[in-house]
Amino acid sequence: AKAADVDLACYENTEFYTRYTRAASETGGRIASILDNMTSCFGSLFSTILILITIFALDPLAVVFLIFPIVLSLMVRTRRNKARYRLEMANTDPVRQKDYVHRTIYLESYAKEQRLTNIFHVLTGYYARSINQLCHNYRTLGRRVGAYRALDMVLSIAQWPLVIIYAGYRVLISQTISAGIFVVLVNAINQMVHSLEYLMHLFTTMQQDGMFVQNFRDFMDYEPKIAQ
């Protein structure tokens, strides 16, 4: 019903139609994903807080070595999600054109027109331009996504050795903690790393889903300029 109320001129607007297409095709799955991830987030957050209290009781400074890389990684993943969103939105129109041409060429009902007219060359021209646009998007916007992904992997890999080196220094060099405390601390840190990684995954996934759901909200909030 909402689609019928929207001004016809909006469907000739590439940006509006792109957002409408994404809203119509993805909103249901994105909303369900957000609800599922919110449920998982509460349980994971509770266990993470308990582990964090345990680590803080054993060695408060170890918490700093855990939280600092996590905060940096969260910032990187947030930027990566925004870059990925821009990439997917930029790819919506060329992908739609490419798929349309692909369907049209293989439909039997259009076989006669393609043989008797020049429409086949027109369609392949649209197809080539769509592919070129997709390649351009991946060379520009896609590189940003890849760069953020690489930086996030570096931060994730560096987090665990950094904390282990600190704990090893405490037990071997400064000898301020016992070997038993070291074992307990390392196990707690290991659990903490996995819990924080899972929490970040849930948060960034919900953030990414939320950006696409916003397309649906913008579409539903649109007020037609011409009275029906």
Test question: given the 4.5 Å side-chain rule for I, L, V, M, F, W and Y, name all other residues clustered with [X], or answer none.
{"X": "L50", "value": "F46"}
{"X": "Y138", "value": "L87, L141, V145"}
{"X": "M153", "value": "none"}

In Å and rounded to the nearest 0.5 Å, what is the [atom1] to [atom2] distance from [X] to [Y]?
{"X": "L185", "Y": "S178", "atom1": "CG", "atom2": "OG", "result": "10.5 Å"}
{"X": "T176", "Y": "I181", "atom1": "OG1", "atom2": "CD1", "result": "11.0 Å"}
{"X": "L52", "Y": "M192", "atom1": "CG", "atom2": "CE", "result": "4.0 Å"}
{"X": "L134", "Y": "Q97", "atom1": "CG", "atom2": "CD", "result": "9.5 Å"}
{"X": "K98", "Y": "S130", "atom1": "NZ", "atom2": "OG", "result": "8.0 Å"}
{"X": "L199", "Y": "N37", "atom1": "CG", "atom2": "CG", "result": "11.0 Å"}

Would you list the pairs meeting salt bridge (charged side-chain N to carboxylate O under 4.0 Å, His left out) in which at least one residue belongs to [range], sequence neighbours left out?
{"range": "residues 164-190", "value": "D59-R170"}
{"range": "residues 177-201", "value": "R77-E197"}
{"range": "residues 136-145", "value": "none"}

Notebook entry, point to check: Considering residues at least two apart in sequence or located in another chain, which fulfil the salt bridge (Lys or Arg N to Asp or Glu O under 4.0 Å) criterion with R80?
Noted result: D152

Notebook entry, point to check: Are side-chain heavy atoms of L196 and M200 found at a separation under 4.5 Å?
Noted result: no

Hydrophobic clustering (ILVMFWY, side-chain heavy atoms < 4.5 Å, transitive) - are [Y] and [X] grouped together?
{"X": "I189", "Y": "V71", "value": "yes"}
{"X": "F56", "Y": "I53", "value": "no"}
{"X": "L61", "Y": "L172", "value": "yes"}
{"X": "Y198", "Y": "L155", "value": "no"}
{"X": "I105", "Y": "I131", "value": "yes"}

Tell me which donor-acceptor pairs under 3.5 Å the side chains of residues 120-129 have, and how far apart each pair is, sequence neighbours excluded?
residue	atom	partner	partner atom	Å
T124	OG1	F120	O	3.1
T124	OG1	H121	O	2.9

Note to self: For a side-chain contact (heavy atoms from CB on, under 4.5 Å) check, start with the C-alpha distance between S174 and Y169, then their side-chain angles and the critical distance, and finish with the verdict.
What the structure shows: CA-CA 6 Å; S174 65; Y169 171 82; 4.0 Å; yes

Next item on the list: Give the C-alpha distance, both sets of side-chain angles, the deciding distance and a yes or no for side-chain contact (heavy atoms from CB on, under 4.5 Å) between R103 and D99.
Entry: CA-CA 6 Å; R103 290 193 306 269; D99 292 343; 3.7 Å; yes

Margin query: Between Q133 and N137, is there a side-chain donor-acceptor contact under 3.5 Å, judged purely by atom types and distance?
Written below: yes

Notebook entry, point to check: What pairs with F182 under side chain to side chain contact (heavy atoms under 4.5 Å, CB included), at least two apart in sequence or on another chain?
Noted result: A167, V171, I177, V186

Next item on the list: Report the residues that fulfil side chain to side chain contact (heavy atoms under 4.5 Å, CB included) with D36, sequence neighbours left out, ordered by chain and then residue number.
Entry: none

Margin query: Could you work out, with ring-ring contact (aromatic ring centres under 6.0 Å, His included) as the rule, every residue matching H136, not counting sequence neighbours?
Written below: none

Check: What pairs of residues pass the side-chain hydrogen bond (donor to acceptor under 3.5 Å, both in side chains) test when at least one of them lies in residues 42-58, not counting sequence neighbours?
Finding: none

